[in-house]
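From a predicted model like this one, the values you see are computed outputs, not experimental measurements. Just so you know, these numbers use all the heavy atoms, side chains as well, and skip hydrogens, waters and symmetry mates.
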Amino acid sequence: GPGSFPLPAVEVEYPTVVDKFKYFAKFLLEGQVCPQLKAFSSSLLSNPLIMTKSWSNLQPRTEVIYKTLASEKIGSAKQLKKKWETDPQFLLKAYLSWLPEVLADDVIKVWPPEVEL
């Protein structure tokens with residue numbers, strides 16, 4: 001407006017809605033949450049970007065990963081790291097559904113991967 005007051009940037013938590021878990025899954029698949037998983041991002045069976053599309057639930061693998069995250073209300077790296085402390089196999093099956101079967105042993109060797117906070 002006419003006053004043109006500068007407003008500082010603020011960090012706000014994304015509301016707990018389906019999109020929160022879909023975006024978190026996208027970032028996880030891209031290797032932004034766990035750098036060790038970045039090595040597998042070029043082998044994914046689908047582009048992680050589809051997680052954010054309105055038609056994403058048409059692919060079973062997108063639904064499996066976001067519903068797994070949503071069931072435990074995990075939408076941040078901090079929450080994922082805490083979950084892996086008590087359940088190291090959490091999300092493994094859903095993540096493996098995004099990769100060719102020949103890479104399963106390689107993923108299992110690094111699971112759970114380090115989380116970048």
Side-chain angles (χ1 to χ4, degrees):
S4 190
F5 298 106
L7 296 174
V10 291
E11 191 172 308
V12 241
E13 187 172 329
Y14 200 90
T16 305
V17 293
V18 170
D19 283 349
K20 176 179 185 170
F21 306 111
K22 287 185 174 187
Y23 273 97
F24 184 67
K26 174 189 175 291
F27 300 139
L28 180 73
L29 291 165
E30 290 173 343
Q32 293 185 47
V33 178
C34 303
Q36 286 174 295
L37 298 182
K38 195 167 188 76
F40 303 105
S41 63
S42 61
S43 302
L44 294 172
L45 298 172
S46 299
N47 187 324
L49 186 61
I50 69 166
M51 288 301 307
T52 62
K53 304 296 182 190
S54 60
W55 46 264
S56 68
N57 59 350
L58 297 176
Q59 289 207 12
R61 70 176 64 95
T62 61
E63 197 169 5
V64 168
I65 199 165
Y66 94 74
K67 282 189 173 181
T68 303
L69 290 167
S71 71
E72 296 290 329
K73 295 182 175 44
I74 294 176
S76 72
K78 187 177 181 179
Q79 292 168 331
L80 182 59
K81 185 174 183 169
K82 187 175 181 180
K83 178 65 178 172
W84 276 338
E85 288 172 4
T86 58
D87 184 3
Q89 298 303 304
F90 175 74
L91 210 61
L92 177 60
K93 185 177 177 183
Y95 184 78
L96 288 175
S97 72
W98 280 76
L99 291 167
E101 286 182 35
V102 297
L103 294 175
D105 288 341
D106 295 335
V107 172
I108 291 168
K109 286 177 191 172
V110 300
W111 202 267
E114 290 294 319
V115 175
E116 189 170 279
L117 298 176

- Is there a path of hydrophobic side-chain contacts, each under 4.5 Å between heavy atoms of I, L, V, M, F, W or Y residues, that connects Val64 with Leu45? no
- Query: For the hydrophobic clusters of this structure (ILVMFWY residues joined by side-chain heavy atoms under 4.5 Å, transitively), does one cluster hold both Leu28 and Leu49?
  - Reply: no
- Hey, could you give me the NZ/CG distance between Lys82 and Asp87, rounded to the nearest 0.5 Å? 14.0 Å
- Message: Counting only heavy atoms not in Glu101 (residues, nucleotides, ligands), do more than 12 fall under 6.0 Å from its CD?
- Response: no
- Task: Provide the full list of side chain to side chain donor-acceptor pair (under 3.5 Å) pairs with a residue in residues 43-56, sequence neighbours left out, each pair given once.
- Result: Lys22-Ser56, Ser46-Gln59, Ser46-Arg61
- Item | Transitive ILVMFWY side-chain link Val102 to Val107, under 4.5 Å | yes
- Looking only at heavy atoms, the pair that brings Pro112 and Trp84 closest together is CB-CD2, 3.5 Å
- Item | From Lys73 atom NZ to Lys20 atom NZ, the distance as rounded to the nearest 0.5 Å | 10.5 Å
- Note on the structure: dist Glu72:CD -> Thr86:OG1 (nearest 0.5 Å) comes out at 8.0 Å
- Just wondering, do Ser41 and Leu29 contact through their side chains at under 4.5 Å, heavy atoms? no
Residues 88-97 side chain polar contacts: donor-acceptor under 3.5 Å, at least two apart:
{"residue": "Ser97", "atom": "OG", "partner": "Ala94", "partner atom": "O", "Å": "2.6"}

- Taking the side chain as C-beta and beyond, is there a heavy-atom pair between Val33 and Val115 under 4.5 Å? yes
- Any Val110 side-chain heavy atom under 4.5 Å of Phe40 side chain: yes
- Message: Let's go through Lys26 and Glu30 carefully: what are the C-alpha distance in whole Å and the side-chain angles of both, what is the deciding distance for salt bridge (Lys or Arg N to Asp or Glu O under 4.0 Å) to 0.1 Å, and is it a yes or a no?
- Response: CA-CA 6 Å; Lys26 174 189 175 291; Glu30 290 173 343; 2.8 Å; yes
- Item | Stepwise side chain to side chain contact (heavy atoms under 4.5 Å, CB included) test for Leu44 and Leu99 | CA-CA 5 Å; Leu44 294 172; Leu99 291 167; 3.7 Å; yes
- Which pairs count as side chain to side chain donor-acceptor pair (under 3.5 Å) when at least one residue sits in residues 106-116, sequence neighbours excluded? none
- Query: In Å and rounded to the nearest 0.5 Å, what is the CD1 to OG1 distance from Ile74 to Thr68?
  - Reply: 9.5 Å
- Distance (rounded to the nearest 0.5 Å) between Ser71 OG and Phe21 CZ: 9.0 Å
